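Please read the structure below before turning to the comments.
Each residue takes its place number in the sequence, starting with 1. Remember, predicted model here, so these are calculated numbers, not experimental data. Both counts, for ligands and for their atoms, begin at 1 and track the order of listing.
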Amino acid sequence: MDRRGNFLHIAIDGPAGAGKSTVAKEVAKRLGISYLDTGAMYRVVAYKALRDGIPLEDEELITTLAENIEISFEHGEKEAVYCNGEDVTEAIRDAEVSRAVSLVASYPGVRKRLVKLQRQAATKGSFVVDGRDIGTHVLPEAKVKIFLTASVEERAKRRYLENLQSGKKTTLEEVTADIESRDRLDSQREYAPLKVAKDAIIIDTTGLTIEEVTAKIVEIAREA
Ligand code: DC
């Protein structure tokens with residue numbers, strides 16, 4: 001909380017693979033505040049649509065799904081995401097969900113519903129919030145706004161190594177193609193696209209370690 005008793009909100013936006021979630025989690029831990037993963041919320045909607053056999057192109061049905069879905073998070077020792085009470089933490093990281101999520105996230109009705117939930121969550125405490133439109137749209141009043149980026153090659157390499165570690169079989173070419181396609185979809189969609197907020201601090205993480213990026217953001221937050 002700041003001197004006026006307001007909650008501290010740190011928005012971390014940027015493209016896929018820039019290191020947002022790893023860094024956001026660590027920054028939250030060091031500042032003793034909570035972390036909200038908004039990408040996970042879009043992933044939950046995509047996951048549920050795939051599981052229920054709802055055609056991804058059917059904007060109306062997908063929007064109705066988003067309006068009726070219950071998404072909750074567990075923080076602390078166990079980090080988990082729930083969809084209508086079901087633990088979907090692993091399932092939402094599936095390659096199939098990653099391919100489906102940008103389309104689902106381009107629907108204005110889906111975004112309106114999830115943004116409402118994100119703003120509600122933010123009224124309850126101090127948060128590091130990561131996503132694509134946090135500083136520009138969800139929390140334009142956030143005290144600290146960071147835009148994390150890195151070259152496509154570096155981001156693809158990181159995702160590829162992550163997949164390898166968690167036992168997911170992908171090739172570097174596949175991961176690069178996925179990242180390029182998501183960059184295109186996320187920045188070209190009409191409603192709340194990925195863009196840098198006017199007052200955001202841009203950090204290019206190419207060649208920087210997680211520790212270096214985390215320390216930089218913690219320092220910015222402490223001085224804000
Ligand atoms: O950060 P991520 O890869 O888990 O995000 C999943 C998808 O959700 C990504 O394609 C962009 C979209 N997204 C969004 O449109 N707005 C957000 N605030 C967060 C994610």
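Among protein heavy atoms, atom 15 (O) of ligand 1 sits closest to Arg111 NH1, 2.8 Å. Looking from atom 18 (N) of ligand 1 to the surrounding protein, the closest heavy atom is Asp133 OD1, 2.8 Å. Scanning the protein heavy atoms around atom 13 (N) of ligand 1, the nearest turns out to be Arg132 CG, 3.7 Å. Shortest contact from atom 20 (C) of ligand 1 to any protein heavy atom: Gly39 CA, 3.5 Å. Among protein heavy atoms, the minimum distance from atom 19 (C) of ligand 1 is reached at Thr38 OG1, 3.3 Å. For atom 3 (O) of ligand 1, the closest non-hydrogen atom on the protein side is Arg182 NH1, 3.0 Å.
To the nearest 0.5 Å, atom OG1 of residue Thr136 and atom NZ of residue Lys145 are 7.5 Å apart. How far CG of Asp130 is from CD1 of Ile134: 7.5 Å, rounded to the nearest 0.5 Å.
For ligand 1, the polar-atom distance check finds no N/O of Lys20 at less than 3.5 Å from any of the ligand's N/O atoms. Between Arg189 and ligand 1, at least one N/O pair is under 3.5 Å apart. Residue contacts with ligand 1: Tyr42 is placed with no nitrogen or oxygen under 3.5 Å of a nitrogen or oxygen of the ligand (distance criterion only). Every N/O-N/O distance between Gln118 and ligand 1 stays at or above 3.5 Å. Inclusion of Ser102 in the set of residues having an N or O under 3.5 Å from an N or O of ligand 1 is warranted. Between Asp37 and ligand 1, a contact under 3.5 Å exists for no N or O pair.
Ion pairing between Lys157 and Glu153 fails under the 4.0 Å rule for side-chain N and carboxylate O. In summary, Lys168 and Glu96 do not engage in a salt bridge, as defined by a charged side-chain N under 4.0 Å from a carboxylate O. Taking 4.0 Å as the cut-off between side-chain N and carboxylate O, Glu212 and Lys216 do not count as a salt-bridged pair. Salt-bridge check for Arg51 with Glu86: passed, with a basic side-chain N closer than 4.0 Å to an acidic carboxylate O. Of the charged side-chain nitrogens involved, none lies within less than 4.0 Å of a carboxylate oxygen, so that Asp186 and Arg182 do not count as a salt-bridged pair. Between Asp37 and Arg93, at least one side-chain nitrogen of the basic residue sits less than 4.0 Å from a carboxylate oxygen of the acidic one, meeting the salt-bridge criterion.
A heavy-atom separation below 4.0 Å is not found between Arg99 and ligand 1. Heavy-atom separations between Met41 and ligand 1 are all 4.0 Å or longer.
More than 12 heavy atoms of other residues, nucleotides or ligands lie within 6.0 Å of CG in Leu164, so this atom counts as buried by the packing criterion.
Tyr35 and Ala24 get closest at one heavy-atom pair: CE1-CB, 3.5 Å.
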Item checked: Phe127 and Gln118: CA distance, side-chain angles, deciding distance, side-chain contact (heavy atoms from CB on, under 4.5 Å) verdict -> CA-CA 11 Å; Phe127 278 95; Gln118 291 155 18; over 6 Å; no
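Set against the non-hydrogen atoms of Arg43, the atoms of ligand 1 under 4.0 Å away are 2 (P), 3 (O), 4 (O), 6 (C). Atoms of ligand 1 lying under 4.0 Å from at least one heavy atom of Arg93, given by number and element, are 4 (O). Near Asp186, meaning under 4.0 Å from any of its heavy atoms, are these atoms of ligand 1: 9 (C), 10 (O), 11 (C). Taking a cut-off of under 4.0 Å to the non-hydrogen atoms of Ala105, the atoms of ligand 1 that pass are 12 (C), 15 (O). Set against the non-hydrogen atoms of Gly131, the atoms of ligand 1 under 4.0 Å away are 17 (C), 18 (N), 19 (C).
The side chain to side chain donor-acceptor pair (under 3.5 Å) test with Arg155 singles out one residue from Asp183, Thr205, Thr206, and that residue is Asp183.
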